[in-house]
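Accompanying notes for the structure given below.
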Amino acid sequence: MNRRTSAWLTCAVLTALMSASNSAFMPAIHEDISAEALRATTRSVDGEDLRFTEKAILEIRRANRQTDLSSDFFRAYKHFDSERFGEASAHLTALKDQVIAAITNASPDGERARAAPGTALHTVQDFFAHSNWVDIGP
C-alpha cells in the first residue's frame with residue numbers, strides 16, 4: 001500500500017463518521033455509527049474502487065468498543081472528558097501516526113492499522129457526545 005492510499009485511509013476513517021445517519025427511534029452506539037459510515041465510504045484510486053471489507057469493519061468496531069470496555073474507560077483524554085482537549089488531540093495525532101507506520105512498514109500490519117482508527121473514532125465520537133460543541137456551533 002502506497003503512502004497516498006494510506007493517507008486516504010486515515011482521512012476516510014475520520015471523515016466517515018460525519019456521513020453516518022442515526023435513527024431517532026433506535027439510538028446507535030459508537031461502533032454501529034462507525035460501521036454504517038465505513039460501509040458507505042468508497043474511494044476510487046487509479047481506476048480501482050476501494051472500500052472497507054467486513055473484516056476491516058469488524059476490527060475497527062472491536063477497537064472502538066474496547067475503548068469503553070477496558071482500563072481505557074478511565075483515561076479521560078480518550079473520551080474528551082474533564083477538559084482534556086490537548087491530550088485528546090495529541091492522542092488522535094498519535095493514532096494517525098500509528099496507522100501510517102503500520103501500513104508503511106517493511107512488514108505492514110493491517111490489524112494494527114485498523115485498531116488505531118477504531119480507537120480514534122471512539123474519541124472523536126465522544127467529543128460530540130460529551131460536549132455541547134454542536135449546540136454552540138463552530
Side-chain angles (χ1 to χ4, degrees):
M1 184 175 297
N2 64 37
R3 204 169 191 90
R4 187 173 98 202
T5 302
S6 68
W8 171 81
L9 287 173
T10 302
C11 291
V13 167
L14 295 176
T15 59
L17 172 64
M18 302 307 169
S19 65
S21 63
N22 287 319
S23 168
F25 302 107
M26 184 180 200
I29 58 174
H30 288 297
E31 61 190 88
D32 293 337
I33 295 167
S34 299
E36 180 182 344
L38 293 169
R39 283 188 188 98
T41 301
T42 61
R43 171 75 179 203
S44 183
V45 176
D46 298 329
E48 181 182 357
D49 288 335
L50 302 176
R51 62 180 6 112
F52 290 94
T53 65
E54 284 303 313
K55 177 185 176 189
I57 292 169
L58 179 64
E59 290 174 350
I60 292 167
R61 283 179 65 124
R62 190 176 300 133
N64 189 320
R65 179 178 57 239
Q66 193 62 26
T67 306
D68 275 345
L69 298 179
S70 69
S71 61
D72 286 344
F73 181 77
F74 300 103
R75 298 172 198 254
Y77 68 92
K78 290 192 175 187
H79 307 279
F80 267 100
D81 288 342
S82 302
E83 299 183 15
R84 300 290 175 98
F85 295 101
E87 291 172 75
S89 295
H91 172 61
L92 292 171
T93 299
L95 289 167
K96 180 191 78 160
D97 293 343
Q98 285 178 25
V99 173
I100 293 169
I103 58 180
T104 59
N105 281 338
S107 298
D109 184 349
E111 190 172 329
R112 183 171 159 233
R114 289 182 288 275
T119 304
L121 281 170
H122 189 99
T123 301
V124 171
Q125 290 162 335
D126 274 354
F127 170 76
F128 292 100
H130 298 182
S131 75
N132 66 347
W133 186 87
V134 173
D135 296 329
I136 62 173

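If you're wondering where the values come from, they're calculated on a predicted model, not measured in any experiment.
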*To the nearest 0.5 Å, how far apart are OG1 in Thr67 and CD in Glu31?*
10.5 Å
_Could you measure the distance from the CG atom of Asp97 to the CG atom of Leu92? Nearest 0.5 Å is fine._
11.0 Å
*Rounded to the nearest 0.5 Å, how far does CZ of Arg75 lie from CZ of Arg84?*
12.0 Å
*Least distance between heavy atoms, Phe52 atom then Ile57 atom*: CB-CG1, 3.7 Å
_Check: His122 side chain, Asp68 main-chain N or O, donor-acceptor pair, under 3.5 Å_ = no
_One pair to check against side-chain contact (heavy atoms from CB on, under 4.5 Å): Asp49 and Thr42. What are the steps and the verdict?_
CA-CA 7 Å; Asp49 288 335; Thr42 61; 5.8 Å; no
_I'd like to know if Asp32 and Arg61 make a salt bridge, using a cut-off of under 4.0 Å between side-chain N and carboxylate O._
yes
*Taking all non-hydrogen atoms of both residues into account, name the closest pair between Ile60 and Arg114 and its distance.*
CG1-O, 3.3 Å
*asked:* Show, in sequence, the C-alpha distance, side-chain angles and deciding distance for Glu54 and Arg39, and conclude whether the salt bridge (charged side-chain N to carboxylate O under 4.0 Å, His left out) test is met.
replied: CA-CA 8 Å; Glu54 284 303 313; Arg39 283 188 188 98; 2.9 Å; yes
*So which heavy atom on Ala63 is nearest to which on Ala115, and how close?*
CB-O, 3.2 Å
*Any side-chain heavy atom of His91 sitting closer than 4.5 Å to one from Glu87?*
no
*What's the spacing between Glu36 CD and Thr41 OG1 if we round to 0.5 Å?*
10.5 Å
_Any donor-acceptor pair under 3.5 Å linking the side-chain atoms of His30 with those of Asn64?_
no
_Test side-chain contact (heavy atoms from CB on, under 4.5 Å) on Lys78 and Asp126; report intermediate values, then the result._
CA-CA 8 Å; Lys78 290 192 175 187; Asp126 274 354; over 6 Å; no
_Shortest non-hydrogen contact from Leu121 toward Ser34_ = CD1-OG, 3.7 Å
*If the plane angle is over 60° it's perpendicular, under 30° parallel, otherwise tilted; pick one for Phe80 and Phe85.*
tilted
_Within 6.0 angstrom of Phe73 CZ, more than 12 heavy atoms from elsewhere_ = no
